[in-house]
Amino acid sequence: MSTNRVEYLFDYFTLTNYKSLLELALEKGFCFIVFTDNFLADRKDILWRHDVEFSPDIALKMAQIEHDLGVKATYFFQIHSEFYNIFDCYFSDILKKIKLLGHEVGLHFDAHYYGVKTENELTRFIELDKNYFEQVFDCHLSVFSFHNTNSFILKCEDYEYGGLVNVYSKYFKERFRYCADSTGYWRYEVLDELLKDSSVRHLQVLTHDAMWSTEVLSPRKRVMKSIQDNADRIKRQYDDLLPMLGAKNIDDE
Ligand SMILES: [Zn+2]
């Protein structure tokens, strides 16, 4: 077994264990709420969040697992992603399926795309993305998360920008402990330890789709596999399309 496999808990990040973690949260009495719900001081509340970075396909698998357990999460989608185009029919259908499973949808806002440097610009560009997203998907957005934070973004701690609740606002930072699987390992605290800790009564959990896989893989291989799976799907789509158009699909042989 490689050292990294032990040190970075590769075996932890399977979809089977993902389900076990949700079951553990339920067993420990956590109530799954969304960002616009009122949290209750005398209740154990958990905000379960997904920043969809690489693979809406895997996000859908997670959404199904949560639905089967009767749990509600919030899925934040990008509209400027290098990894998926949410306005492609294939991915738009996935977003709709996730909503139909009863989950909330939010905007995973990319301030870097616009080179945002002030809070005024932040408000303007969130409004721009929000309006387009809402009109395309005929939905109402109420919450956003930042994609790839930097020192400026970390200082944007207001409760709301551009009409959307900010999950990184001081409000949530002061009231909820935080746990994230960013880049495929627990940077600060391990999720199941927090779930088992009876002093933790309000917790925000951030998970990322491709950081979880069916088989045990390194974080890099989990991401590479999700990219390859998507590329294979697009290649099949091309091969299937040409006969439908009555066109020849000419190769070397
Ligand atoms: Zn992100």
Side-chain angles (χ1 to χ4, degrees), residues 8 13 18 34-35 47-63 66 73-88 91-92 94-95 98-99 103-117 119 121-123 125-130 132-133 136-137 141-158 160-162 164-169 172-173 176 178-189 191 203-213 218-227 229-230:
Y8 297 103
F13 291 90
Y18 182 76
V34 296
F35 290 88
L47 291 161
W48 200 284
R49 166 180 147 219
H50 297 263
D51 285 353
V52 181
E53 307 284 8
F54 306 103
S55 169
D57 290 88
I58 298 173
L60 178 59
K61 285 184 192 170
M62 298 169 109
E66 290 152 2
T74 308
Y75 285 79
F76 294 81
F77 288 95
Q78 294 186 54
I79 71 171
H80 305 290
S81 170
E82 315 85 318
F83 294 94
Y84 66 90
N85 174 9
I86 199 62
F87 302 119
D88 169 350
F91 292 123
S92 299
I94 289 182
L95 181 148
I98 288 176
K99 280 185 75 176
H103 300 295
E104 289 285 314
V105 165
L107 177 69
H108 193 37
F109 180 72
D110 186 357
H112 307 273
Y113 179 83
Y114 295 111
V116 171
K117 288 186 180 60
E119 288 189 296
E121 287 175 358
L122 183 61
T123 297
F125 289 118
I126 287 179
E127 276 173 2
L128 182 69
D129 282 5
K130 171 185 185 283
Y132 189 63
F133 193 108
V136 171
F137 293 114
L141 287 180
S142 47
V143 63
F144 83 96
S145 63
F146 282 114
H147 172 59
N148 292 350
T149 51
N150 60 24
S151 55
F152 165 70
I153 283 166
L154 288 172
K155 280 183 247 153
C156 298
E157 292 188 309
D158 284 4
E160 203 175 291
Y161 289 100
L164 297 181
V165 170
N166 172 16
V167 306
Y168 286 117
S169 59
F172 292 109
K173 283 180 186 166
F176 286 78
Y178 184 71
C179 185
D181 68 354
S182 303
T183 62
Y185 60 98
W186 304 111
R187 299 273 185 96
Y188 311 103
E189 298 181 272
L191 178 56
L203 179 63
Q204 177 175 176
V205 178
L206 166 60
T207 69
H208 296 85
D209 45 278
M211 295 310 160
W212 301 79
S213 62
S218 69
R220 181 176 183 275
K221 288 207 172 71
R222 280 174 235 152
V223 173
M224 293 300 147
K225 184 177 186 309
S226 79
I227 293 169
D229 287 350
N230 192 45

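The shown structure was predicted, so the numbers you read here are calculated from the model rather than taken from an experiment. Indexing begins at 1, ligand by ligand and atom by atom, following the structure's order.
- No side-chain heavy atom of V52 sits under 4.5 Å from any side-chain heavy atom of H208.
- In this structure, V143 and E104 have side chains that are not in contact, with every pair of non-hydrogen atoms separated by 4.5 Å or more.
- Ring centroids of F87 and Y132 are separated by less than 6.0 Å, placing the two rings close together.
- Scored by the ring-ring contact (aromatic ring centres under 6.0 Å, His included) test, Y168 finds no partners at all (sequence neighbours excluded).
- Remark: the Y113 side chain and the Q78 side chain contain no N/O donor-acceptor pair separated by less than 3.5 Å.
- Taking distances strictly below 2.8 Å, the protein N/O/S atoms close to the Zn ion (ligand 1) are E53 OE1, E53 OE2, H108 NE2, H147 ND1.
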task = Please step through side-chain contact (heavy atoms from CB on, under 4.5 Å) for the pair Y114 and L128, ending with a clear verdict.
result = CA-CA 11 Å; Y114 295 111; L128 182 69; 3.7 Å; yes
